[in-house]
Asker: 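So that we are looking at the same thing, I have put the structure below in structure tokens.
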Amino acid sequence: MNIITIIALTFLFSTLFIWSIVRFIIFRKLKKISTQIKSQHTPNNKFPTSNNALSELEQQVKAWSDERKAEIEQLEKLENYRKDFLGNVSHELKTPIFNIQGYISTLLDGGLEDKTINRDYLKRAEKSVDRMIAIVEDLQTITQLEKGELEIEEERFDIVALAKDVIDSQELKAKEKQISFELSNDPSHSYFVSADRFRIRQVLVNLVVNSLRYGKANGKTTIKISDIGEKIITEVADTGIGIPKEHLTRIFERFYRADKSRSREQGGTGLGLSIVKHILEAHGQSIEVMSTEGVGSVFSFTLKKAV
Ligand code: ADP
């Protein structure tokens with residue numbers, strides 16, 4: 001063996017030796033990264049064993065980072081939702097609170113002795129308190145519905161009788177607005193559904209109240225119930241102001257209003273339709289709306305037919 005062969009062999013063996021040490025170190029580092037990824041619950045994250053370890057690990061890292069990105073986006077969405085919600089709630093509560101404060105201050109500053117305003121201001125303050133109660137109650141319902149805490153207790157009941165009961169309960173309000181009610185069904189013919197009676201009453205009340213709130217004097221609110229096979233469909237139609245096309249897809253969002261000033265002036269919280277949609281979704285059902293500006297709106301929802 002000459003000296004050149006010895007040098008070449010020494011070089012070869014030391015290169016191989018150094019390469020295997022480097023490989024071992026890299027492999028250990030990669031394993032650490034992989035274990036780290038594994039601890040983040042990434043699926044499909046076995047440590048690569050093939051020679052293609054680097055590219056496999058690269059894929060794992062990419063999948064892991066995509067997952068984190070989606071998580072961050074979701075958290076950002078929730079954070080924006082939380083901010084929006086808090087902003088909306090404080091905005092809604094601010095008006096009645098400031099109103100009450102104004103009336104009380106005026107009364108304390110001598111208005112209490114002024115017979116021309118004292119009763120009137122107290123009545124107005126009472127109206128603002130009622131408004132705050134309505135907002136808080138609607139907020140409570142919507143929070144329960146969104147958290148899935150609201151239990152739906154299905155029972156068999158006649159929706160025609162319920163519609164009649166809701167109409168009776170809103171008769172006075174309708175008279176004030178010069179709006180008449182019509183139940184298109186024969187009240188003695190029952191349509192039995194399987195649903196949470198209390199919650200469906202809330203749905204009907206919200207729809208009927210809206211038909212009065214956005215109705216026109218000398219107008220009409222009609223409730224029609226029909227059998228469509230496995231389901232019963234209930235329609236609440238009005239001859240009111242209608243909803244402009246561009247708002248139609250958004251009116252079921254919480255605090256969304258097509259006509260802000262009219263809603264507030266009429267005591268609306270901007271949560272009614274959102275509650276309606278949640279209740280129907282909790283029943284596995286849906287609600288549709290058709291509306292023509294200046295002509296009127298029809299809200300229709302389905303319920304499971306009782307056996
Ligand atoms: P609000 O308390 O403001 O009535 P809702 O969630 O019940 O809130 O309704 C959302 C918005 O949809 C209302 O502000 C109103 O602009 C519109 N809207 C709902 N029902 C009707 C209707 N029957 N006719 C016209 N507009 C309606």
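What's counted below: heavy atoms across the whole structure, side chains too, no hydrogens, waters or symmetry copies. Order of listing sets the numbers, starting from 1, for every ligand and every atom in it.
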Asker: Considering only N or O atoms, set out every pair between ligand 1 and the protein closer than 3.5 Å, with distances to one decimal place.
Answerer:
unit_1   : atom_1 : unit_2 : atom_2 : d
ligand 1 : 2 (O)  : R213   : NH1    : 3.3
ligand 1 : 2 (O)  : T269   : N      : 2.8
ligand 1 : 2 (O)  : G270   : N      : 2.8
ligand 1 : 3 (O)  : Y214   : OH     : 3.1
ligand 1 : 3 (O)  : S263   : OG     : 2.5
ligand 1 : 4 (O)  : N210   : OD1    : 3.3
ligand 1 : 4 (O)  : R213   : NH1    : 3.1
ligand 1 : 4 (O)  : Y214   : OH     : 2.6
ligand 1 : 6 (O)  : G272   : N      : 3.3
ligand 1 : 6 (O)  : L273   : N      : 2.8
ligand 1 : 7 (O)  : N210   : OD1    : 3.4
ligand 1 : 7 (O)  : N210   : ND2    : 2.8
ligand 1 : 7 (O)  : L273   : N      : 3.3
ligand 1 : 8 (O)  : G270   : N      : 3.4
ligand 1 : 14 (O) : Y214   : OH     : 3.2
ligand 1 : 16 (O) : A258   : N      : 2.9
ligand 1 : 16 (O) : D259   : N      : 3.3
ligand 1 : 20 (N) : N210   : ND2    : 3.4
ligand 1 : 23 (N) : D238   : OD2    : 2.9

Asker: Please tabulate, one pair per line, all N/O donor-acceptor pairs under 3.5 Å involving side-chain atoms of residues 98-111, not counting sequence neighbours.
Answerer:
unit_1 : atom_1 : unit_2 : atom_2 : d
S105   : OG     : Q101   : O      : 2.9
T106   : OG1    : G102   : O      : 2.7

Asker: Looking at every non-hydrogen atom in both residues, tell me the closest pair between Q285 and K304 and how far apart they are.
Answerer: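 For Q285 versus K304, the nearest heavy atoms are NE2-N, 3.9 Å.
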Asker: Do the charged groups of E92 and R257 touch, with an N to O distance under 4.0 Å?
Answerer: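 So E92 pairs with R257 through a salt bridge.
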Asker: Tell me which donor-acceptor pairs under 3.5 Å the side chains of residues 159-168 have, and how far apart each pair is, sequence neighbours excluded?
Answerer:
unit_1 : atom_1 : unit_2 : atom_2 : d
D165   : OD2    : R201   : NE     : 3.0
D165   : OD2    : R201   : NH2    : 3.2

Asker: Within a strict 4.5 Å, meaning less than it, do heavy atoms of the R262 and R213 side chains meet?
Answerer: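 R262 does not reach R213 side chain to side chain.
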Asker: Could I get the full list of side-chain contact (heavy atoms from CB on, under 4.5 Å) partners for N218, not counting sequence neighbours?
Answerer: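 Expected list: Q178.
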